[in-house]
Amino acid sequence: MSELPPAPTEGESLYEKYMLHHPADIRGCLKQLVDKHCVLLVHAAGTENAVSVALAVGPSSMWIDVPRDAALTEQLLAADRLRFESSVDRITVRFATGAARTGTYEGLPALEVPIPVKVMHLQRREYVRREPPGTVSCILPVNAEGGDRRVVRASIADIGGGGLAVLTSDDASIEINTGDLFPGVILELPDQESMTVTLRVQHAQRIDQRGRRVWRAGCSFVDLTVQDQARLLRYVMQLDRMHMAKMRDD
């Protein structure tokens, strides 16, 4: 299968030092996507993002699951170049390949694409978590005094594919502790329907904010569905593109 070297992507020069070029490093990164069953967003010029999963990595090809949308799949097959976006262990992964073709993997339909010549692998945390513009909030069931459970609205301070940080109101009765598990958290992300997720608190502290004492809690997502992973990834990538555009304008 012939490989087309990807043309420079928008804003790519900002991240050149995060590019993997050695074939062994590229294959190792792609294999991580396979081993951890990571969601892939696949895009061709003029199409919407298709949701797929990395299935296997061969000597010169990678196999991905066939997207559910048949019409979108046909558009991807007709394209000369595809872009991929994903996240593994809170690390953003992006790459481009040449054209896809239909094939099989373990007896089931799959798409085969060439191994990319380079992969963007953003390991630094600040490139993984993004601060949403404006006010983005979630509805959070938290512990209160006396062991009761309360539902409060909290703002999202930053968000990434693996988790988010929340800021509560100055309600002194609220208690948040490391290790707390919060099922039924409703995320209200812009321009899409709300989603319900489970959060685990990784760290929490009381901080002063504009004269108020609030909780700031860093949380990780627990057992996200493939659909919710894809929706979160789309949103985070949108924030990342906005960040790159701002860097270019400054």
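Worth knowing before you read on, the calculation uses all heavy atoms, side chains too, and leaves out hydrogens, waters and symmetry mates.
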Colleague: Okay, side chain of W215, backbone of I174: is any donor-acceptor separation there less than 3.5 Å?
Modeller: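 Yes; at least one donor-acceptor contact below 3.5 Å.
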Colleague: Check L140 against A154 and note the closest heavy-atom contact, atom names and distance.
Modeller: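 Shortest heavy-atom separation between L140 and A154 comes out as CD2-CB, 4.4 Å.
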Colleague: Please give me the minimum heavy-atom distance between C38 and S87, naming the atom from each residue.
Modeller: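 Closest heavy-atom pair between C38 and S87: SG-O, 3.6 Å.
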Colleague: Go through the side-chain N and O atoms of Q75 and T47 and say whether any donor and acceptor fall under 3.5 Å apart.
Modeller: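 No pair is found: no donor N or O on one side chain lies under 3.5 Å from an acceptor on the other.
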Colleague: If you look only at pairs with a residue in residues 20-35, which of them pass as a salt bridge (charged side-chain N to carboxylate O under 4.0 Å, His left out), with sequence neighbours excluded?
Modeller: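 Qualifying pairs, neighbours excluded: K31-D35.
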Colleague: Assess, by modelled atom type and distance only, whether the side chains of Q202 and S220 contain a donor and an acceptor separated by less than 3.5 Å.
Modeller: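 Distance-only check passes for Q202 and S220.
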Colleague: Any salt bridge between D158 and R216, counting N to O under 4.0 Å?
Modeller: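 Yes, D158 and R216 are salt-bridged.
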Colleague: Do any N or O atoms from the side chain of S137 and from the backbone of R153 form a donor-acceptor pair under 3.5 angstrom?
Modeller: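 A pair under 3.5 Å: no.
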Colleague: What are the two closest heavy atoms between I115 and G58, and how far apart are they?
Modeller: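 Scanning both residues, the minimum pair turns out to be CD1-O, 4.1 Å.
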Colleague: Does any N or O in the side chain of T196 come within less than 3.5 Å of the main-chain N or O of I186, such that one atom is a donor and the other an acceptor?
Modeller: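 Not at all, since once roles are kept as given, no pair shorter than 3.5 Å links the two residues.
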Colleague: Among T97, L76, V42, L33, which residue meets the side-chain contact (heavy atoms from CB on, under 4.5 Å) test with I64?
Modeller: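 Among T97, L76, V42, L33, the one meeting side-chain contact (heavy atoms from CB on, under 4.5 Å) with I64 is V42.
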Colleague: Taking only Lys NZ, Arg NE, NH1 and NH2, and the carboxylate oxygens of Asp or Glu, determine whether R231 and E193 approach each other closer than 4.0 Å.
Modeller: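 No, R231 and E193 are not salt-bridged.
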Colleague: List the atom of V34, the atom of A56, and the distance in Å for their closest heavy-atom pair.
Modeller: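 Here V34 and A56 meet closest at CG2-N, 3.7 Å.
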Colleague: Check which hydrophobic residues are tied to L72 through side-chain heavy-atom contacts below 4.5 Å, counting indirect links as well, and list them.
Modeller: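 Hydrophobic cluster check, L72: no partners found.
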Colleague: Starting from L108 and following side-chain heavy-atom contacts under 4.5 Å between hydrophobic residues (I, L, V, M, F, W, Y), which residues can be reached?
Modeller: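 Grouped by the 4.5 Å side-chain rule, L108 forms a cluster of one, so the answer is none.
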